[in-house]
Amino acid sequence: MKQLKNGNIELGVHIADVTHYVKEGSLIDEEAQRRGNSTYLVDGVVPMLPERLSNGLCSLVPNQPRFAYSVFMEFSPKGERVKYRIAESVIESKRRFTYDEAQKIIESGVGDQADLVLALHALGRTLYSNRMIAGGIDFESQEVKFILDANKMIIGATVKTRTDATSLVEECMLAANRTVAEHLHTLKKEWKTKQLPPFIYRIHDDPEPDRLADAVAVIRALGYDVPSGKLTPMQLNAIIHQAHDRPEKPVINQLLLRSMAKAVYAETNVGHYGLGFSDYAHFTSPIRRYPDLFVHRVLK
């Protein structure tokens, strides 16, 4: 990320170039397609690709040159994307932060590369605000992590929630994913074709009316003010915000989340209801999701 002379900000999102190593039709590619994705278990992971790739050649480790596929996006101070370019690149990262390390810098304002982390945080907040205004839904998800003993028996559990540091990374990834999906419209104009090029989108359809109505009935019974009729994403956000700092907040989140349609991969685009995006794809995890690998190949 860097500040430009015109007052805008350039954000680069760099993803390991897995397609450089996993050639279409190779044995590794066939096995990755069969697996579809990396599968995460309580005590480990069954990777989509061999460990030498996933933890070695395609891991953006500090001070090691790595092939990457990069999305460079120029944003105005208000968070509007005004330019972008997608390029094959070679990067050498200087520092790997944990989420906890980045969070401490955001909270204290001091630390290694503090100016960069704080600038990224400010951009992330702007992108988040724009996404909410455009119709994104502010679900607050929680992840449960189990603690195992030497015999791999569960002896405890911890709950991981969203932080400013995780949101920072999430907004950067969302911006890149959205950009590569919208790039198809640019190609359509350049190539002067009637249809968009073939692609795999990540779509999220409108919620099922009956399931949403059941959730709303329970939420009303809890004393919440819920408008009648078809609810807009903004109205769903208003319900979630009503629950802020109240003990039933996790229940409200789960009720609304379970009333939503499931996000799926599809070759036909219907938009992403939960994010409020008309065009969205998965680009940022080709090491663990085969559709992302496919998207990289299509873009190239």
Side-chain angles (χ1 to χ4, degrees), residues 12-41 45-60 66-73 84 86-89 131 136-137 139 141 143 166 169-188 195-206 257 260-300:
V13 176
H14 310 281
I15 307 300
D17 188 1
V18 180
T19 60
H20 179 82
Y21 300 97
V22 182
K23 302 302 182 183
E24 188 173 7
S26 65
L27 291 177
I28 291 179
D29 181 54
E30 290 178 0
E31 178 64 17
Q33 187 175 14
R34 187 181 70 83
R35 296 188 181 200
N37 52 259
S38 294
T39 302
Y40 292 84
L41 308 173
V45 59
V46 180
M48 183 180 78
L49 294 171
E51 187 175 358
R52 189 180 176 197
L53 287 176
S54 58
N55 289 343
L57 293 170
C58 295
S59 179
L60 304 182
R66 289 289 187 263
F67 291 110
Y69 204 20
S70 302
V71 181
F72 298 94
M73 297 161 284
Y84 74 89
I86 303 170
E88 296 177 72
S89 60
R131 191 160 58 84
I137 303 176
F139 288 121
S141 60
E143 179 183 343
T166 59
V169 174
E170 180 183 16
E171 293 303 327
C172 292
M173 298 299 107
L174 291 176
N177 287 336
R178 182 182 187 180
T179 297
V180 298
E182 292 178 345
H183 179 58
L184 297 186
H185 296 281
T186 300
L187 294 180
K188 178 183 175 183
Q195 295 181 333
L196 293 174
F199 208 58
I200 290 183
Y201 297 91
R202 183 68 171 176
I203 64 170
H204 185 216
D205 212 342
D206 291 357
L257 195 57
M260 297 290 109
K262 288 186 177 181
V264 297
Y265 293 103
E267 71 276 13
T268 302
N269 183 28
V270 299
H272 199 294
Y273 178 85
L275 295 175
F277 294 162
S278 57
D279 299 271
Y280 189 66
H282 271 173
F283 168 84
T284 51
S285 291
I287 201 69
R288 64 184 179 91
R289 296 190 300 230
Y290 196 84
D292 298 45
L293 185 62
F294 178 86
V295 163
H296 279 223
R297 286 189 180 133
V298 171
L299 289 172
K300 287 188 177 184

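On a predicted model such as this, the values are computed, not experimentally measured, just so you know. Along the sequence shown, residues carry numbers from 1. Heavy-atom basis, side chains included; hydrogens, waters and symmetry copies ignored.
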Quiz prompt | Rounded distance (nearest 0.5 Å) linking atom CD1 of I86 with atom CE of M73 | solution = 9.5 Å
Quiz item: Any side-chain heavy atom of K188 sitting closer than 4.5 Å to one from L184?
Solution: no
Quiz item: When you look at L293 and D29, which way does the side-chain contact (heavy atoms from CB on, under 4.5 Å) test go after all the steps?
Solution: CA-CA 10 Å; L293 185 62; D29 181 54; 4.1 Å; yes
Quiz prompt | Heavy-atom closest contact (P286 atom, T284 atom, distance) | solution = CD-C, 3.5 Å
Practice problem: Work out which heavy atom in A261 is nearest to a heavy atom in D206; give both atom names and the distance. | Solution: CB-O, 3.7 Å
Self-check item: Between N177 and Y280, a side-chain donor and acceptor under 3.5 Å
Solution: yes
Exercise. Over all heavy atoms of both residues, which pair between A263 and H272 is shortest? Give the atoms and the distance, please.
Key: CB-NE2, 4.3 Å
Self-check item: salt bridge (Lys or Arg N to Asp or Glu O under 4.0 Å) partners of R289, counting only residues at least two apart
Solution: D292
Quiz item: Say you draw a straight line from CD1 of I28 to CG of L53; how long is it, rounded to the nearest 0.5 Å?
Solution: 5.5 Å
Quiz item: Should the pair E31-R35 be classified as a salt bridge under the 4.0 Å nitrogen-to-oxygen rule?
Solution: yes
Quiz item: Does some side-chain heavy atom of R178 sit less than 4.5 Å from a side-chain heavy atom of D279?
Solution: no
Quiz item: Side chains of K300 and E88: closer than 4.5 Å at any heavy-atom pair?
Solution: yes
Exercise. Report yes or no: does S38 contribute a side-chain atom to a donor-acceptor pair with the main-chain N or O of M48 at less than 3.5 Å?
Key: yes
Quiz prompt | Results of side-chain contact (heavy atoms from CB on, under 4.5 Å) for Q33 - residues two or more places apart only | solution = Y290
Self-check item: 4.5 Å side-chain heavy-atom contact, F277 and E182
Solution: no
Quiz prompt | Full working for side-chain contact (heavy atoms from CB on, under 4.5 Å) between V295 and R202 | solution = CA-CA 11 Å; V295 163; R202 183 68 171 176; over 6 Å; no
Quiz item: Roughly how far apart are K262 NZ and D205 CG, rounded to 0.5 Å?
Solution: 14.0 Å
Quiz item: Got H204 and L275 here, is their nearest side-chain heavy-atom distance under 4.5 Å?
Solution: no
Quiz item: Going from CZ on R131 to CD on E171, what distance comes out if it is rounded to the nearest 0.5 angstrom?
Solution: 4.0 Å
Quiz prompt | Interatomic spacing from CG in N37 to CD1 in I287 - rounded to 0.5 Å | solution = 13.0 Å
Quiz prompt | L27 CG: over 12 foreign heavy atoms closer than 6.0 Å | solution = no
Quiz item: Are L187 and F199 close enough that some pair of their side-chain heavy atoms sits under 4.5 Å apart?
Solution: no
Exercise. May I ask you to test the R288-V45 pair for a side-chain heavy-atom distance under 4.5 Å?
Key: no
Quiz item: With a 4.5 Å limit on heavy-atom distance, are the side chains of M173 and V13 in contact?
Solution: yes
Quiz item: side-chain contact (heavy atoms from CB on, under 4.5 Å) with C58: which of V18, D17, L49?
Solution: V18
Quiz item: Looking just at side-chain N and O atoms, do Y69 and T19 make a donor-acceptor pair shorter than 3.5 Å?
Solution: no
Quiz item: Got a second to check how far L299's CG is from F294's CZ, nearest 0.5 Å?
Solution: 10.0 Å
Exercise. Kindly check if the number of other-residue, nucleotide or ligand heavy atoms within 6.0 Å of OH (Y21) is above 12?
Key: yes
Quiz item: Shortest non-hydrogen contact from A181 to A281?
Solution: CB-N, 3.8 Å
Practice problem: Kindly say whether I15 contributes a backbone atom to a donor-acceptor pair with the side chain of R66 at under 3.5 angstrom? | Solution: no
Self-check item: Sequence-distant partners of Y265, side chain to side chain donor-acceptor pair (under 3.5 Å), two or more places apart
Solution: H282
